[in-house]
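Read the structure below first, then the notes.
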Amino acid sequence: SQLSSINVVLMGALAKEFSQAVNQGDVVVASGFTVGKSPTVNKDKLHPCNLYYSTLLALVVIYCPSCSSSGICCAPKYTYVRLGDLKAGPAVNVYGVVTFFKQPYKSRGTDFCSILKITDQSKKEILCKVFCKKLEDHPNIFQIGDIVRLHGVKPHSYRNCIELVKTFGFSALTFDGVVGRPVEPRTSSRSFHFDQDDRRVVEELRSWASGQGFLPAVSTITLSAVEPKQYFDLTCQLLAKAPIDTTCILLRVWDGTRCPYKLLKVIVEPDVTEGPSSFSAEKESVIANILIYDNHVESAKQLKPGDFLRIYNLRAIPGSSKVPGLTSTQAVEVDHMAFHLHGGTAFGRGIRLLPEDSPEVQELKRVIAAIPGDEELSDSEMMEVWSTPPESLVPLFVSFVSLTVFIMCVTERTCGHDVQPVMLSQLKRSEPGRVHHVRVQLRSYEPLRLHQALKLYCSKCTTMREVPDDEVVDGVFSEASRDSGPCSPPTWALSGQTPINGRSGIAGSTLEETCHLASTYQNIVPVRSSGGQMDLLDLSAPFLFRGRKRYYGCKRCSEAAVREPCAVGVELIDEKVVAEALGVQLLQFVLLMKLELQDSTDTLDVFLWRDAVSFHMTIKVQLSLHQRGPLGIQCWRS
DNA sequence: GTTTAGGGTTCG
């Protein structure tokens with residue numbers, strides 16, 4: 001229509017309230033009206049449509065431009081029916097305390113189905129059935145005792161009982177049911193009506209329910225309190241997960257407490273594990289392996305390491321346990337506690353993600369933070385990570401998809417905190433060598449993976465090179481083994497006490513064998529036979545293996561030869577001692593990053609590089625999980 | 001203005 005006016009039809013209490021409040025010239029905002037044909041269009045030639053008041057949704061706000069008075073809200077009062085007064089008939093609105101619930105699950109039809117039972121002061125217990133395609137439209141219930149407000153539910157009679165079924169105009173708000181907690185509605189609705197009366201209803205239901213005794217004394221059980229054969233709800237953080245077979249997925253979780261029973265170990269391939277494939281022995285001892293079956297596999301697939309979860313109706317199974325997907329060669333562990341989430345939805349069985357800001361997650365975070373030794377990675381642990389072959393780091397960092405870099409301040413030794421920030425355009429015009437502060441936005445950064453930032457640096461010739469990947473190193477090893485002929489190693493090289501080791505005299509060892517040896521011997525120097533003499537490998541490969549760490553030498557600056565290290569009187573034979581003995585110029589691990597910064601005036605490329613061991617001071621880097629916040633590992637380097 | 005499910009432990 002070209003017409004710029006339209007009729008709005010109000011009825012009932014809203015019409016009365018509106019007529020008392022409105023004045024000519026007021027601005028009116030009408031929301032939630034339905035559009036219908038105007039029956040008078042032929043007579044009045046006005047707009048062919050009218051806006052009609054709809055009982056469940058209409059809201060009118062009046063604003064007076066001349067006096068700038070605040071808007072007057074003429075929303076109709078929603079009316080709520082006591083559960084004891086429900087009769088089969090048109091849609092109603094209700095409040096109730098949740099006494100039973102099933103997480104939304106995929107129905108055989110087109111929607112997800114939520115089942116809940118609610119009660120109120122009338123003590124009538126009513127079953128509610130909610131069918132919605134979108135998960136977020138379902139009531140967001142975490143535990144028994146939560147309070148729901150349901151709009152647009154239709155009372156039906158089924159087997160002589162009144163049930164409520166979601167109908168058109170359905171919406172749900174959920175509240176924590178604990179007396180004293182903030183009254184904050186959980187909902188995906190962008191707008192909803194909630195006022196002091198609603199608050200009062202929630203608080204009344206809370207205090208009524210607290211005296212009724214149907215709320216569980218402890219809402220969930222921790223790993224430390226779980227008993228064999230028990231069914232329980234577990235609030236926990238997901239650390240890693242791995243598929244077992246088509247009907248089973250493994251979740252590795254912890255809740256910050258130690259289970260008094262031995263926990264089932266499940267061995268899976270590291271390359272199918274999402275999240276770290278292993279943890280320190282200390283951490284492993286508090287990690288529970290949970291086998292998730294059948295219909296729950298689908299929801300488990302959506303979870304990410306770092307997520308906080310509640311698993312409902314988990315079963316603790318003592319004794320031997322057959323794990324699907326494992327071959328007969330893997331020993332079945334007897335007397336270890338296994339946790340199963342069986343198929344089906346009986347007893348509310350299911351998994352749900354808990355939001356970061358929920359009191360349960362806040363509490364869980366406190367408990368986890370208090371576990372000794374689980375602070376952020378120490379420098380040595382970080383170094384451990386950095387000097388590990390990049391491939392094995394990938395699972396650890398694959399989830400770090402967003403990298404935020406805060407330029408905090410330059411260290412006190414080089415400038416003071418009173419330096420005023422300058423714009424980038426100004427900075428680019430200034431003379432070199434001066435110290436500046438900038439306040440900028442990070443536009444992009446490279447590399448995207450932390451391990452890719454790791455380089456090898458020679459402090460003598462100041463060149464930098466990439467850390468070779470295993471394929472390259474493998475090549476050097478097999479090349480060396482082809483060359484190997486007989487040679488007589490010096491006697492000192494055969495002793496397990498010395499830092500020199502190699503399968504000299506026969507053939508060179510493979511990279512894999514060397515890594516294996518490195519777990520037994522403190523220092524492994526791979527060697528090859530060259531003209532009957534023992535020689536070092538090409539310096540493209542590490543010249544030294546110490547545990548999981550590998551050390552490299554500079555090809556340009558080393559004058560390498562196999563010599564006995566003069567380790568007499570030296571207590572610790574470390575990489576420096578070995579490098580010196582072999583005439584190898586040791587390469588340092590450094591971190592190199594490129595940042596693209598911008599402000600309103602210009603952009604600037606910044607290269608950061610630093611000794612990996614003392615990477616701190618100038619930059620504070622927060623690595624965070626992009627998805628849903630919580631972190632398996634939160635790294636703050638400062 | 002349809003259907004789905006309509007609570008009540010797997011069977012690994």
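Note on naming: letters A, B, ... go to the chains in the order of the sequence lines (proteins, then strands), and numbering restarts at 1 for each one.
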[X] [atom1] to [N] [atom2], straight-line distance once rounded to whole Å:
X	N	atom1	atom2	answer
A:K154	B:dG6	NZ	C1'	17 Å
A:Q103	B:dT9	CD	P	19 Å
A:Y231	B:dT10	OH	P	7 Å
A:E163	B:dA5	CD	P	13 Å
A:L116	B:dA5	CG	C1'	13 Å
A:R159	B:dA5	CZ	P	14 Å
A:H296	B:dT10	NE2	P	11 Å
A:L264	B:dG12	CG	C1'	12 Å

Inset, instruction - Would you please say whether a donor-acceptor pair under 3.5 Å links the side chains of A:T235 and A:R310? - result: yes

Legend entry - Flag for A:E204-A:Q121: side-chain donor and acceptor within less than 3.5 Å: no

Inset, instruction - Could you check whether A:K102 gets within reach of a base, just the sugar-phosphate, or nothing at all, counting any heavy atom under 4.0 Å? - result: sugar-phosphate

Legend entry - Those residues that, when tested against A:T167, pass side-chain hydrogen bond (donor to acceptor under 3.5 Å, both in side chains) (two or more places apart): none

Looking at [X] and [Y], would you say the former's side chain and the latter's main chain have a donor-acceptor pair under 3.5 Å?
X	Y	answer
A:K166	A:C132	no
A:T99	A:K117	yes
A:Y52	A:K37	yes

Inset, instruction - Answer yes or no: is there an ion pair linking A:R200 with A:E203, defined by an N-O contact shorter than 4.0 Å? - result: no

Legend entry - Whole-Å C1' distance, B:dG6 and B:dT10: 22 Å

Inset, instruction - Sticking with atom P, work out how far B:dG1 lies from B:dA5, rounded to a whole angstrom. - result: 23 Å

Protein-nucleic acid N or O pairs under 3.5 Å, nucleotides 1-3 of chain B:
unit_1: B:dT3; atom_1: N3; unit_2: A:T110; atom_2: OG1; d: 3.3

Legend entry - Face-to-face contact A:F347 to B:dG7 six-ring, under 5.5 Å, under 30°: no

Inset, instruction - Go through B:dA5, B:dT9, B:dT10 for me and flag the one nearest to the A:I115 side chain. - result: B:dA5

Legend entry - Proximity to the side chain of A:H342 - top-ranked nucleotide from B:dG12, B:dA5, B:dG8: B:dG12

Inset, instruction - Name the orientation of the base relative to the sugar in B:dG8: syn if the glycosidic angle is within 90° of 0, else anti. - result: syn

Inset, instruction - Starting from the 5' end of DNA chain B, give me the residue, A:G348 or A:S107, whose nearest nucleotide shows up first. - result: A:S107

Inset, instruction - Examine the base of B:dG7 for any acceptor or donor lying under 3.5 Å from a partner atom in the side chain of A:K117, and report the outcome as yes or no. - result: yes

Legend entry - Validation row: A:K129, A:F131 side chains within 4.5 angstrom (heavy atoms): yes

Inset, instruction - Determine: side-chain N/O of A:Y105 to OP1/OP2 of B:dG6, distance under 4.0 Å, yes or no. - result: yes

